[in-house]
Structure formats: structure tokens, C-alpha cells
K.L.:
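If you scroll down you'll find the structure; I have some questions about it.
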Amino acid sequence: MAFNNSASSLVILDFETTGLSPNMGDRAIEIGAVRIENSEVTESFSQLMDPGFRISGFIEDYTGISNQMLNGMPTCAQVMNEFADFIEGSNLVAHNASFDKRFLDAELNQISRSYSGEFSCSMLLARRIYQSAPTHKLGDLIKYKNISADGGFHRALFDSQMTAKLWITMLDDIKNDYGLTDIEFSLVKKLVKTPKKSVHDVLSNWK
DNA sequence: TGCCAGGCCCTCTTTAGGGCCTT
């Protein structure tokens with residue numbers, strides 16, 4: 001699939017799920033996302049969904065989403081069908097994107113939907129450009145960059161909003177440090193595949 | 001009740017192992 005540099009917007013997304021692996025039967029229970037255009041959030045998407053079975057106490061504690069809250073919510077199929085419309089034509093970003101991509105692919109596959117954009121990962125980019133950060137967990141990076149965070153982590157919309165702030169901060173830092181006026185997705189794609197020790201050279205020589 | 005996965009990345013590496021991230 002070609003990298004979609006021409007996409008007019010970027011969607012930052014985050015799933016809350018029943019566990020770690022769709023291959024083991026885990027399902028999405030909440031999707032949150034924000035659309036970024038010209039470094040500003042222009043639209044958001046937030047919805048709980050009923051996975052069709054009771055979620056564990058661990059997930060209730062971890063997310064603050066209870067079985068009672070999921071009672072009466074639309075099904076995964078209904079929500080993901082709307083979300084497929086929301087992301088159509090946009091490139092996608094998530095923190096540790098391999099996790100969210102697995103669930104997005106699995107949920108859309110269940111309803112025979114797909115998407116045309118390509119994923120990038122805020123965690124992999126942060127590992128390249130914030131190499132001295134103590135950890136690259138989302139919450140720790142938000143503190144590390146002194147980004148305001150008024151809300152609770154581990155809910156989908158809030159985490160997607162924080163990932164969006166981190167993403168914009170990272171791109172601004174790259175622009176300021178290397179005198180770039182704009183950062184295309186093709187540069188981000190190149191950076192996340194660049195060995196850490198070579199990141200400075202790639203950015204210094206980027207036109 | 002307790003447990004599960006998988007990609008990235010480093011190193012005491014590449015015929016491997018283990019930590020980091022995500023829920």
C-alpha cells in the first residue's frame with residue numbers, strides 16, 4: 001500500500017479493549033479519536049461499544065469502564081462501521097500503533113470494511129527524537145514535555161487527545177531543531193525506521 | 001481466578017533472550 005502523503009487530515013486514535021490480543025478473542029470496548037488538520041484538532045469521535053461478553057475486573061479497574069456502562073451500548077459492528085467512515089481517506093496515528101492496528105484490522109475485518117490510510121506510531125517516533133526520556137509510555141512522555149493533561153488516562157478519547165498533543169509537539173520540535181517548515185508523513189515513516197544513532201543525520205540532511 | 005500477544009529494539013546478538021509498550 002502506498003503511503004498516503006496526499007491525505008488531507010490525520011486521525012489520532014486509541015482503543016480500549018478487553019485484553020491484549022484479538023487473536024485470543026479480545027474485542028474493542030471503546031474507540032476515541034481526534035482529527036488533526038494544520039496542527040489543530042478539528043473533529044473528534046468517541047464511543048463505547050458492547051463486546052458481547054462481560055469484561056474482566058482487571059479491565060474495569062484499568063479503564064474505569066464497567067460492565068454496567070457497556071450495557072445498552074451499540075455493538076462493535078455498529079460503532080466500527082461509523083468509525084470506518086470517520087477515518088476514510090486519512091492517515092492514522094496511535095501510541096504503540098501495532099496494538100491499535102491489530103484491533104482496528106480485526107474489528108473492521110468482522111464487518112468487511114477497510115481503510116485506505118497508513119499507520120504511523122507516536123511511540124516509535126518518540127523513541128527516536130526523545131532518546132533521553134526516562135520511558136516512552138504515553139503518560140510519562142506527556143509529563144516529560146510538560147504538556148497539560150486535565151483528565152484521566154486509559155480512556156480512549158482522552159488518550160487520543162494526549163497522543164495528538166504529543167504528536168504536534170514532536171513535529172514542532174523537529175521543525176524548530178532542524179529548520180523545517182513542514183513535515184510530511186514520508187519523513188515520519190523514514191524516521192521510525194531509522195536507527196536511533198542515525199536520526200540526527202537523516203533530519204540534518206532532509207530538504 | 002489467573003492467564004493469554006506481538007512488534008520493536010538492545011545486547012552479554014544474528015544458531016537468542018529479554019525489556020519496553022499497548023489493554
Side-chain angles (χ1 to χ4, degrees), chain A residues 1 3 11-34 45-67 69-70 73 76 79-80 83 87 92-110 118-145 147 149 151-167 169-170 188-202:
Chain A
M1 179 169 55
F3 203 66
V11 170
I12 316 273
L13 64 92
D14 182 72
F15 278 104
E16 303 306 317
T17 70
T18 64
L20 292 173
S21 175
N23 286 338
M24 300 292 289
D26 287 317
R27 299 295 303 267
I29 56 174
E30 187 179 44
I31 179 68
V34 295
F45 189 105
S46 178
Q47 183 61 55
L48 290 167
M49 58 191 111
D50 183 354
F53 53 88
R54 290 183 62 80
I55 63 175
S56 69
F58 173 82
I59 294 297
E60 284 188 313
D61 292 341
Y62 186 82
T63 64
I65 298 169
S66 66
N67 281 289
M69 290 165 67
L70 296 176
M73 286 295 137
C76 295
V79 174
M80 293 310 299
F83 191 64
I87 64 175
L92 306 169
V93 165
H95 199 71
N96 196 13
S98 66
F99 174 85
D100 293 277
K101 183 177 187 301
R102 279 199 298 279
F103 276 94
L104 181 65
D105 291 352
E107 292 293 349
L108 292 185
N109 185 55
Q110 294 226 7
E118 190 162 331
F119 259 104
S120 191
C121 177
S122 55
M123 184 190 74
L124 294 183
L125 184 59
R127 282 180 177 171
R128 298 300 185 287
I129 69 169
Y130 300 144
Q131 295 185 20
S132 59
T135 85
H136 296 89
K137 294 176 183 175
L138 177 59
D140 289 344
L141 286 166
I142 294 298
K143 288 180 188 170
Y144 179 72
K145 293 304 297 179
I147 295 169
F153 286 98
H154 305 309
R155 287 299 299 269
L157 180 61
F158 185 78
D159 281 4
S160 71
Q161 290 168 332
M162 291 301 103
T163 303
K165 286 186 176 183
L166 175 65
W167 186 259
T169 299
M170 289 194 290
V188 175
K189 184 181 182 184
K190 185 175 182 66
L191 284 177
V192 299
K193 291 183 177 178
T194 298
K196 285 182 181 177
K197 60 184 179 182
S198 302
V199 166
H200 175 72
D201 290 338
V202 168

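Numbered from 1 within each chain, the chains take letters A, B, ... in sequence-line order.
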K.L.:
Between A:His136 and B:dC21, does any side-chain N or O lie under 4.0 Å from OP1 or OP2?
P.N.:
yes
K.L.:
Expressed in whole Å, how much space separates the C1' atoms belonging to B:dT14 and B:dC10?
P.N.:
13 Å
K.L.:
State the NZ-CG distance between A:Lys165 and A:Leu138, to the nearest 0.5 angstrom.
P.N.:
11.5 Å
K.L.:
Rounded to whole angstrom, note down the C1' distance from B:dC4 over to B:dC12.
P.N.:
30 Å
K.L.:
Could you check whether any side-chain N or O of A:Ser160 sits under 3.5 Å from a backbone N or O of A:Asp14, counting only pairs where one atom can act as donor and the other as acceptor?
P.N.:
no
K.L.:
Using atom P of each nucleotide, how far apart are B:dC3 and B:dC9 to the nearest Å?
P.N.:
29 Å
K.L.:
Find the distance A:Asp140:CG to B:dT22:C1' and express it as a whole number of Å.
P.N.:
14 Å
K.L.:
OP1 or OP2 of B:dC21 sitting under 4.0 Å from any side-chain N/O of A:His95?
P.N.:
no
K.L.:
Of all the nucleotides listed (B:dT22, B:dC8, B:dT23), which has the minimum atom distance to the side chain of A:Leu138?
P.N.:
B:dT22
K.L.:
Distance from A:Met80 atom CE to A:Arg27 atom CZ, nearest 0.5 Å?
P.N.:
9.5 Å
K.L.:
Please state whether the phosphate of B:dG6, meaning OP1 or OP2, lies under 4.0 angstrom from any side-chain nitrogen or oxygen of A:Asn23.
P.N.:
yes
K.L.:
Nearest to the A:His154 side chain among B:dT23, B:dC21, B:dA5, which nucleotide is it?
P.N.:
B:dT23
K.L.:
Closest approach to the side chain of A:Met24, judged atom by atom: which nucleotide of B:dT23, B:dG7, B:dC4 is it?
P.N.:
B:dC4
K.L.:
Using the P atom as the reference point in each nucleotide, state the distance between B:dG2 and B:dT23 in Å, no decimals.
P.N.:
22 Å
K.L.:
Can you see whether A:Asp26 engages A:Thr18 through a side-chain donor-acceptor pair at a distance of less than 3.5 angstrom?
P.N.:
yes
K.L.:
For the side chain to side chain contact (heavy atoms under 4.5 Å, CB included) test, which of A:Ile87, A:Val79, A:Leu157 pairs with A:Phe45?
P.N.:
A:Val79
K.L.:
Check every atom of B:dG6, B:dA5, B:dT23 against the side chain of A:Thr17 and return the nucleotide holding the closest atom.
P.N.:
B:dT23
K.L.:
Taking only the side-chain heavy atoms of A:Ser98 (C-beta and beyond), determine which of B:dC21, B:dT23, B:dG6 contains the nearest atom.
P.N.:
B:dG6
K.L.:
Provide the distance between the two P atoms, one in B:dT13 and one in B:dG18, to the nearest whole Å.
P.N.:
13 Å
K.L.:
Judged by each residue's nearest nucleotide on DNA chain B, which is more toward the 5′ side, A:Phe58 or A:Arg128?
P.N.:
A:Arg128
K.L.:
When you get a sec, tell me which of B:dT23, B:dC4, B:dC21 is the closest nucleotide to the side chain of A:Asp159?
P.N.:
B:dT23
K.L.:
Go nucleotide by nucleotide along DNA chain B from the 5' end; which of A:Thr63 and A:Val192 gets its closest nucleotide reached first?
P.N.:
A:Val192
